[in-house]
Trainee: 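I'd like to ask you about the structure that follows.
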Amino acid sequence: MAAAAAAATWQPQEGGFKEICGLLEQQISPSSDKSQIWQQLQHYSQFPDFNNYLAFILARAEGKPVEVRQAAGLLLKNNLKTAFKSMPPINQEYIKAELLPCLGASDRQIRSTSGTIISVLVQLGGVLGWPELLHTLVKCLDSTDLTHMEGAMDALSKICEDIPQVLDAENPGSSERPIDVFLPRLLQLFQSPHATLRKLALGSVNQYIMLMPPVLYMSMDSYLQGLFVLANDPSSEVRKLVCSAFVQLIEVRPSFLEPHLRNVIEYMLQVNNDPDDEVSLEACEFWSAYCEAPLPPENLRAFLPRLIPVLLTNMAYAEDDESLLDAEEDGSLPDRDQDLKPRFHSSRFHGSDDAEDDDDDIVNIWNLRKCSAAALDIISNVFGDEILPTLMPFVQAKLSKLDDESWKEREAAVLALGAIAEGCINGLYPHLSDIVAFLIPLLDDKFPLIRSISCWTLSRFSKFIVQGIGHPEGHEQFEKVLTGLLRRILDNNKRVQEAACSAFATLEEEAADELGPRLEIILQHLMCAFGKYQRRNLRIVYDAIGTLADAVGGELNQPKYLEILMPPLIAKWQQLSNSDKDLFPLLECFTSIAQALGSGFAQFSQPVFQRCLDIIHTQQLAKVDPATAGVQFDKEFVVCSLDLLSGLTEGLGSGIESLVSQSNLRDLLLQCCMDDGSDIRQSAFALLGDLARVCPIHLRPRLAEFLEVSAKQLNTPKLKETISVANNACWAIGELAIKVNQEISPVVMTVISCLVPILQHAEGLNKSLIENSAITLGRLASVCPELVSPHMEHFMQAWCIALAMIRDDIEKEDAFRGALSSLVFLCRAIASWHEIRSEELHNDVSQVLLGYKQMLKNGAWEQCMSALEPPVKERLSKIQIVLCIISLFIFDLRTKKSRFAFPRCSTRFGVQGLAIASHLGLFLFLFYILQFAAMDFF
């Protein structure tokens with residue numbers, strides 16, 4: 001009623017209608033001045049009823065070209081995204097009322113545009129407040145008019161795709177949810193004679209597989225029966241959606257398919273060869289999804305002899321593959337802007353968890369070829385060597401075809417060898433020397449895509465190639481692979497350059513120190529490529545240089561190498577502006593070089609350090625005032641600059657102090673630590689920890705603020721969403737603690753209250769966060785034992801378990817010092833007794849003290865005792881150590897063997913006795929952990 005009233009109330013003015021239509025006609029004209037027209041339309045948008053005009057033109061201007069009406073609708077859609085909620089209610093109702101009849105418009109473009117706008121309105125306000133929409137959709141779906149059915153189905157499918165959850169929401173006052181009303185109708189449309197309705201209905205239902213509302217769960221048999229009916233639909237779009245449904249079901253609800261698995265696998269195998277590549281691609285996704293699902297591999301094993309040849313066939317380049325056009329691209333031709341893929345820098349992370357390698361093959365677009373290779377890869381990891389008898393004859397047959405017409409088959413065979421390099425390594429191992437020997441000549445093949453895939457496949461065997469260096473044949477093969485890849489790095493083909501550089505970076509990671517004697521020739525080739533490559537591939541050279549620096553470390557710090565490496569990089573550094581995104585990979589490259597060169601980077605450090613500060617300052621200004629800054633804010637500049645400063649700090653060590661002391665880094669860093677971007681905070685806290693290690697004195701003026709903001713990162717309900725930030729902040733607190741000692745005390749209790757729950761509920765949390773939490777707790781206990789010790793009973797067990805998992809290094813030492821410092825407080829508690837009347841408790845106390853004394857060698861026990869006041873030491877000496885307890889504990893430091901009988905703590909000690917017994921139990925546990933996890937420290 002309200003909508004009808006609104007429609008009847010508002011009427012357009014003839015002059016306004018004509019002016020707006022005129023502007024829209026100009027807007028769609030290819031020769032018009034788009035910016036001027038846009039300004040005029042923005043002027044009109046200031047009028048409250050401008051969007052009413054657009055709705056009127058879309059719905060009622062039948063005398064105008066469809067393109068003009070559609071343009072009005074698209075402009076209306078964009079306006080509503082920002083303005084709908086602030087519009088007068090009467091205008092909102094008018095627009096809604098005009099849209100609903102458009103679902104039955106004779107022109108499909110008008111129906112489609114209206115459906116898009118309706119979906120936007122549902123995103124903004126839901127469906128429960130628009131009952132007329134649900135009523136209209138149901139009425140249209142139940143009609144026999146194809147136009148109305150298609151219009152309603154188009155709008156409904158867009159709602160299901162964009163915001164499926166709104167139809168699965170509870171409806172106050174009704175036991176039915178909207179999806180309960182629509183799902184039976186959608187399933188019925190699976191049998192429609194019209195392909196468009198079948199496609200839209202199936203696509204809509206598929207959107208609910210992940211959500212799995214109760215009505216779909218209860219209707220699963222009907223849904224599966226519908227999928228089986230549509231499996232051989234004449235429409236390729238419908239068959240593609242059937243495949244998509246099976247893939248989603250195998251991913252999230254495999255139990256539904258288990259009774260039908262053989263039939264489903266048979267069908268997917270069939271459509272993996274569908275004439276339509278998009279159907280084949282969707283079917284191919286099934287194999288990887290199946291292998292990752294909690295299903296027995298036996299169901300798939302019987303199909304492998306038929307599946308593997310299909311995958312291998314589909315791994316050959318299709319005739320219309322865009323990569324074939326790019327394959328002949330001359331390396332001397334400048335890149336177009338559209339050739340440059342977006343790049344994303346990973347913020348610095350302090351911890352033991354390594355980021356996953358993006359072991360991507362050289363095809364950039366996801367297609368049937370790449371999907372088939374990925375499927376073969378994961379199948380090889382599940383079934384291992386048992387696929388080789390089926391696969392290898394096909395591979396060998398394709399490789400033996402040497403005529404030019406068969407190059408795509410040879411290329412696919414080389415790709416297959418790379419795909420199975422990990423999963424079938426045991427079966428391939430006896431033949432790897434021959435395989436590598438076969439691949440090396442292919443680096444010089446006449447076809448660039450064979451050269452490029454050979455680079456990638458060789459990189460997949462890098463570990464084996466490097467392991468063979470120890471014997472003469474392996475050493476010779478390594479040299480051939482190394483020189484072959486270096487030769488291809490200087491290829492004139494862009495695709496080959498990209499593949500060779502990426503493959504060489506992989507080889508660098510494996511070879512590491514083995515590259516030392518070959519550094520000069522490697523650097524000469526890389527810097528030659530640096531001068532030769534266009535912008536896109538230049539990024540990969542930066543990565544190869546950075547990986548080389550990481551691999552060889554200080555070996556790079558020699559004048560003859562620096563003379564080759566640094567001048568071209570510095571020239572590029574000076575050439576790029578502070579707002580040029582090509583600076584990102586160069587900043588990353590310099591980070592690795594600075595860490596590798598250490599003090600050797602000092603000669604280059606001042607301008608690099610200052611520029612990083614300038615970039616951060618400019619970007620912080622751009623965030624609040626882009627006009628004054630002269631650039632648009634981009635967090636990547638800040639993150640890359642912070643990480644380079646971390647690299648400088650790590651490389652220069654205390655040598656960076658002179659740079660920090662004369663700069664405003666401290667203030668910029670604090671601002672970054674408080675930034676609302678988690679990536680920026682993550683890198684900022686990494687830098688804070690690095691600076692705390694080498695020059696904490698320059699952080700002291702704002703130490704309290706740094707500590708407060710660091711502690712806040714641990715005390716957030718969104719910890720799992722910002723876990724990397726919390727990890728770095730936790731580590732930074734620990735680094736600050738051991739440098740500023742008692743100055744850390746104001747945040748100790750806050751930090752402990754955050755870290756203890758992390759240790760006690762470690763399941764599902766990042767491994768590094770758990771380790772850093774344990775280390776930081778130990779460091780806090782070391783510098784503020786009087787604050788930490790009274791609370792140790794709450795976290796000692798979880799703390800010790802975490803400490804036992806940490807690798808041996810200086811950070812673990814700090815943590816254990818903190819644990820042992822609490823022994824002082826146990827001794828003081830024991831000394832508070834004038835006389836321990838309980839023989840059992842007396843024996844327990846004596847045993848713990850004797851155990852620690854025997855374990856803490858090389859002056860550690862004496863150091864602990866020296867921290868006690870004389871009266872405390874005197875009282876401890878009066879506690880008689882009964883000889884019989886020695887038989888309970890036999891410990892040999894040399895053999896690191898122990899036999900320890902834990903006493904039972906009595907429950908009859910009184911209040912003081914209970915407190916001591918409680919701490920004794922915890923320290924016995926700590927004692928046990930110390931024996932088996934940290935013995936190398938004593």
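The chain is numbered in sequence order, starting from 1. Model, not experiment: these values are computed from the prediction.
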Trainee: Quick one: does His617's side chain get under 4.5 Å of Leu668's, heavy atoms only?
Mentor: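 Yes, their side chains come closer than 4.5 Å.
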
Trainee: Just by distance, do the side chain of Ser244 and the backbone of Lys240 share a donor-acceptor pair under 3.5 Å?
Mentor: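 Between the backbone of Lys240 and the side chain of Ser244 there is no qualifying donor-acceptor contact (under 3.5 Å).
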
Trainee: Between the main-chain N or O of Val709 and the side-chain N or O of Gln713, is there a donor-acceptor pair closer than 3.5 Å?
Mentor: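 Yes.
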
Trainee: Count the heavy atoms of every other residue, nucleotide or ligand shown that sit under 6.0 Å from CD of Glu705, and state whether that count exceeds 12.
Mentor: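 Counting other residues, nucleotides and ligands, CD of Glu705 exceeds 12 neighbours.
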
Trainee: Would you give the length of the straight line joining atom OG of Ser219 to atom CG of Asp180, rounded to the nearest 0.5 angstrom?
Mentor: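 Nearest 0.5 Å value for the OG-CG distance: 9.0 Å.
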
Trainee: Looking at every non-hydrogen atom in both residues, tell me the closest pair between Ser204 and Met153 and how far apart they are.
Mentor: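 The pair with the smallest heavy-atom distance is OG-CE, 3.4 Å.
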
Trainee: Taking Pro48's backbone N and O only, do any of them form a donor-acceptor pair with Asn91's side chain (distance below 3.5 Å, no angle check)?
Mentor: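 Pair found, side chain donor or acceptor close to backbone of Pro48.
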
Trainee: Stepwise, does the salt bridge (Lys or Arg N to Asp or Glu O under 4.0 Å) test hold for Arg60 with Glu98?
Mentor: CA-CA 8 Å; Arg60 297 177 181 264; Glu98 290 297 307; 2.7 Å; yes

Trainee: Counting only N and O atoms by type, is there a donor-acceptor contact under 3.5 Å from the side chain of Gln619 to the main-chain atoms of Asp634?
Mentor: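 Confirmed, Gln619 side chain pairs with Asp634 backbone.
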
Trainee: If only side-chain N and O atoms count, and only distance matters, is there a donor-acceptor pair under 3.5 Å linking Asp614 with Asn578?
Mentor: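 No - no donor-acceptor pair under 3.5 Å links their side chains.
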
Trainee: Check the surroundings of atom CD in Glu176: do more than 12 heavy atoms from other residues, nucleotides or ligands lie under 6.0 Å from it?
Mentor: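 Atom CD in Glu176 is crowded, with more than 12 foreign heavy atoms closer than 6.0 Å.
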
Trainee: Leu583 versus Cys640: any side-chain heavy-atom pair under 4.5 Å?
Mentor: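 In short, these two side chains do not touch, never coming nearer than 4.5 Å.
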
Trainee: Please tabulate, for side-chain N and O atoms in residues 76-85, each donor-acceptor pair with protein atoms closer than 3.5 Å (sequence neighbours left out).
Mentor:
{"unit_1": "Asn78", "atom_1": "ND2", "unit_2": "Leu74", "atom_2": "O", "d": "3.3"}
{"unit_1": "Asn79", "atom_1": "ND2", "unit_2": "Asn51", "atom_2": "OD1", "d": "2.9"}
{"unit_1": "Thr82", "atom_1": "OG1", "unit_2": "Asn79", "atom_2": "O", "d": "3.3"}

Trainee: Could you pull out the closest heavy-atom pair between Arg611 and Ser577, with the gap in Å?
Mentor: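 The pair with the smallest heavy-atom distance is NH2-C, 3.4 Å.
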
Trainee: Pick from Arg681, Lys635, Lys623: which one makes a salt bridge (Lys or Arg N to Asp or Glu O under 4.0 Å) with Asp676?
Mentor: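 Exactly one pass, corresponding to Lys623.
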
Trainee: Report the distance from atom OG of Ser683 to atom CG of Asn728, rounding to the nearest 0.5 Å.
Mentor: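 Between Ser683 OG and Asn728 CG, I get 7.5 Å after rounding to 0.5 Å.
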
Trainee: CD1 of Ile37 to CG of Leu41: how many Å apart, nearest 0.5 Å?
Mentor: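 Here the interatomic distance stands at 7.5 Å.
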
Trainee: Tell me which pairs pass side-chain hydrogen bond (donor to acceptor under 3.5 Å, both in side chains) where either residue lies in residues 153-162, with sequence neighbours left out.
Mentor: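 Those involving residues 153-162 are Ser112-Lys158, Thr116-Lys158, Ser119-Asp162, Asp154-Lys158.
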
Trainee: Taking atom CE of Met218 as the centre, does the number of heavy atoms from other residues, nucleotides or ligands within less than 6.0 Å exceed 12?
Mentor: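 Not more than 12 within 6.0 Å, no.
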
Trainee: Will you find, in the side chains of Trp130 and Gln92, an N or O donor that is under 3.5 Å from an N or O acceptor?
Mentor: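 No, Gln92 and Trp130 have no side-chain donor paired with an acceptor closer than 3.5 Å.
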
Trainee: Evaluate the ring planes of Tyr223 and Phe190, with Trp represented by its six-membered ring, and classify them as parallel (under 30°), tilted (30 to 60°) or perpendicular (over 60°).
Mentor: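 Rings of Tyr223 and Phe190: tilted, as their planes differ by 30° to 60°.
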
Trainee: Report the C-alpha separation of Lys96 and Glu132 in whole Å, then their side-chain angles, then the decisive distance to 0.1 Å, and conclude whether the salt bridge (Lys or Arg N to Asp or Glu O under 4.0 Å) test is met.
Mentor: CA-CA 9 Å; Lys96 289 180 179 179; Glu132 297 89 353; over 6 Å; no

Trainee: Could you tell me if the side chain of Asn52 sits less than 4.5 Å from the side chain of Pro12, heavy atoms only?
Mentor: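 The answer is no, as the side chains (C-beta and beyond) never meet within the 4.5 Å cut-off.
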
Trainee: Please evaluate residues Lys581 and Glu636 with respect to the criterion side-chain contact (heavy atoms from CB on, under 4.5 Å), reporting the C-alpha separation (whole Å), side-chain torsions for both, the decisive distance (0.1 Å), and the verdict.
Mentor: CA-CA 9 Å; Lys581 293 187 178 183; Glu636 294 281 306; over 6 Å; no

Trainee: Could you pull out the closest heavy-atom pair between Ile179 and Pro184, with the gap in Å?
Mentor: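 So the minimum-distance heavy-atom pair works out to O-CD, 4.4 Å.
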
Trainee: Should we say atom CD of Glu251 is surrounded by more than 12 heavy atoms from elsewhere, each under 6.0 Å from it?
Mentor: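 Check passes, neighbour count above 12.
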
Trainee: Is the shortest side-chain heavy-atom distance between Phe182 and Leu134 below 4.5 Å?
Mentor: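 They are in side-chain contact.
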
Trainee: Find the distance between NZ (Lys712) and CE (Met674) and round it off to the nearest 0.5 Å.
Mentor: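 Result: 8.5 Å between the selected atoms.
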
Trainee: Looking at side-chain heavy atoms only, is the closest gap between Pro626 and Phe633 below 4.5 Å?
Mentor: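 In short, these two side chains do not touch, never coming nearer than 4.5 Å.
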
Trainee: Would you compute the distance between atom CG of Leu24 and atom CG of Leu54 and round it to the nearest 0.5 angstrom?
Mentor: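 With rounding to 0.5 Å, CG (Leu24) is 6.5 Å from CG (Leu54).
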
Trainee: Between Arg369 and Asp321, does at least one N-O distance fall below 4.0 Å, as a salt bridge requires?
Mentor: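 No salt bridge links Arg369 with Asp321.
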
Trainee: Run the salt bridge (Lys or Arg N to Asp or Glu O under 4.0 Å) check on Arg239 and Asp274 step by step: do they pass?
Mentor: CA-CA 9 Å; Arg239 295 198 303 277; Asp274 196 277; 3.0 Å; yes

Trainee: Considering all heavy atoms of both residues, which atom of Leu103 and which atom of Thr136 are nearest to each other, and what is their separation?
Mentor: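 It is CD1-CG2, 4.1 Å.
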
Trainee: Between Phe584 and Arg539, is any pair of side-chain heavy atoms under 4.5 Å apart?
Mentor: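 SC-SC contact between Phe584 and Arg539 ruled out.
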
Trainee: Using every non-hydrogen atom in the two residues, find where Ile163 and Gln123 come nearest and quote the distance to one decimal.
Mentor: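 Closest heavy-atom pair between Ile163 and Gln123: CD1-CG, 3.6 Å.
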
Trainee: Given Arg69 and Asp107, is the side-chain contact (heavy atoms from CB on, under 4.5 Å) satisfied, shown in steps?
Mentor: CA-CA 11 Å; Arg69 296 173 63 190; Asp107 189 280; 5.7 Å; no

Trainee: Please tell me if the side chains of Leu189 and Met149 come closer than 4.5 Å, counting only heavy atoms from C-beta onward.
Mentor: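 When only atoms from C-beta onward are counted, Met149 and Leu189 do touch, with a gap below 4.5 Å.
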
Trainee: Quick one: CD1 on Ile118 to SG on Cys102, what's the gap to the nearest 0.5 Å?
Mentor: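 Ile118 atom CD1 to Cys102 atom SG measures 8.0 Å (nearest 0.5 Å).
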
Trainee: Apply side-chain contact (heavy atoms from CB on, under 4.5 Å) to the pair Leu141 and Gln188, showing each step before the final yes or no.
Mentor: CA-CA 10 Å; Leu141 291 176; Gln188 186 66 34; over 6 Å; no

Trainee: Under the side-chain contact (heavy atoms from CB on, under 4.5 Å) criterion, do Tyr94 and Met87 qualify, and how do the steps go?
Mentor: CA-CA 11 Å; Tyr94 174 80; Met87 288 170 56; over 6 Å; no

Trainee: Does Tyr542 reach the main-chain N or O of Glu588 with its side chain, forming a donor-acceptor pair under 3.5 Å?
Mentor: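 Such a contact is absent between Tyr542 side chain and Glu588 backbone.
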
Trainee: If you define the side chain from C-beta out and look only at heavy atoms, does anything of Glu282 sit under 4.5 Å from Phe246?
Mentor: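 A side-chain contact is absent here, since even the closest heavy-atom pair is not under 4.5 Å.
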
Trainee: Minimum heavy-atom separation for Cys140 and His148, please, with both atom names.
Mentor: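 Residues Cys140 and His148, closest heavy atoms: CB-O, 3.5 Å.
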
Trainee: Tell me if a side-chain donor or acceptor on Thr147 pairs with a main-chain N or O of Gly104 at a distance below 3.5 Å.
Mentor: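 Side chain of Thr147 to backbone of Gly104, a donor-acceptor pair under 3.5 Å: no, none is there.
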
Trainee: If we ignore hydrogens and angles and just use 3.5 Å, is the side chain of Tyr53 paired with the main-chain N or O of Ala72 as donor and acceptor?
Mentor: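 Judged by distance alone, no pair lies under 3.5 Å.
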
